[in-house]
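Working notes, structure below.
First listed ligand is number 1; within each ligand, the first listed atom is number 1.
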Amino acid sequence: MPLSTIMFVGSARSNSHTKVLAEAIKKSLESRGVSVEIIDLFSLQLPPSDPTFHKDPTIHSNSKVSKLAQKANTTDSFVFLSPVYHNSYSALLKNALDNLAIAQFAGKAVGLASHGGHRTSQVVDHLRIVTRGLNAIAIVSQVCADESDFAGENETLVLVNDEIFQRIGRFTDELIRVGIALKQSRVTH
Ligand SMILES: Cc1cc2nc3c(=O)[nH]c(=O)nc-3n(C[C@H](O)[C@H](O)[C@H](O)COP(=O)(O)O)c2cc1C
């Protein structure tokens with residue numbers, strides 16, 4: 001059964017470590033047959049969330065939000081990625097999630113990944129609680145990278161640590177396993 005994933009990248013800058021990490025996860029998912037779209041929240045520039053449209057963000061007056069909600073409705077799974085900002089995930093990521101609603105996420109698999117803070121798990125720990133609030137299911141494997149896992153800078157920035165690549169492999173295998181099981185259960189019920 002084919003699986004699709006939307007990846008939200010929450011860094012507030014271009015040339016971001018988190019984006020490079022997202023690209024590595026995308027590559028791993030695609031090599032296993034998953035169709036993947038990365039949504040760079042810094043470039044997208046969503047408006048502040050508007051509770052008027054919380055019930056149905058697909059009819060939001062801002063087409064960036066309505067289109068995002070429509071895409072999110074049709075995808076099978078998600079990956080949330082954020083740099084460490086003040087011991088947590090970024091406001092850009094929270095604003096994207098707040099622009100959407102439970103209907104876009106319920107019963108779907110979510111993978112969690114972060115960059116920074118000496119591979120602290122604070123970002124992904126906080127995102128687990130958020131994922132529960134969206135009625136989605138966070139997979140157990142997670143990826144937490146740090147500056148020492150990369151080489152180069154700006155446009156030449158690349159992920160180089162083999163241990164992180166191995167972890168990404170485990171992470172994507174689990175996302176696919178859980179994502180397909182949940183998709184099957186949504187189809188049959
Ligand atoms: C608003 C803000 C808050 C930050 N807070 C923390 C923090 O609490 N702990 C930490 O280790 N680094 C913190 N950082 C540093 C970022 O995690 C670090 O620059 C990281 O590389 C950013 O990821 P990026 O390259 O994907 O943008 C903060 C950076 C910003 C801009």
| request: Applying side-chain hydrogen bond (donor to acceptor under 3.5 Å, both in side chains), name anything that partners Ser121, two or more places apart in sequence or on another chain. | output: Asp125
| task | Using a cut-off of 6.0 Å, state whether more than 12 heavy atoms not belonging to Glu163 lie near its atom CD. | result | no
| note | Sorted by chain and residue number, the residues having a heavy atom closer than 4.0 Å to an atom of ligand 1 are Ser11, Arg13, Ser16, His17, Thr18, Pro83, Val84, Tyr85, His86, Asn87, His115, Gly117
| query | Relative to the ring of His17, is the ring of His115 parallel (under 30°), tilted (30 to 60°) or perpendicular (over 60°)? | reply | parallel
| query | Which distance, rounded to the nearest 0.5 Å, do you find between the NZ of Lys19 and the CG of Leu157? | reply | 11.5 Å
Between side-chain atoms of residues 79-88 and protein atoms elsewhere (two or more places apart, or another chain), which donor-acceptor pairs fall under 3.5 Å?
unit_1	atom_1	unit_2	atom_2	d
Ser82	OG	Ser90	N	2.9
Tyr85	OH	Ala12	N	3.1
Ser88	OG	His126	ND1	2.7

Please tabulate, one pair per line, all N/O donor-acceptor pairs under 3.5 Å involving side-chain atoms of residues 140-147, not counting sequence neighbours.
unit_1	atom_1	unit_2	atom_2	d
Ser141	OG	Glu174	OE1	2.5
Gln142	OE1	Arg128	NE	3.4
Gln142	OE1	Arg128	NH2	2.8
Asp146	OD1	His118	N	3.0

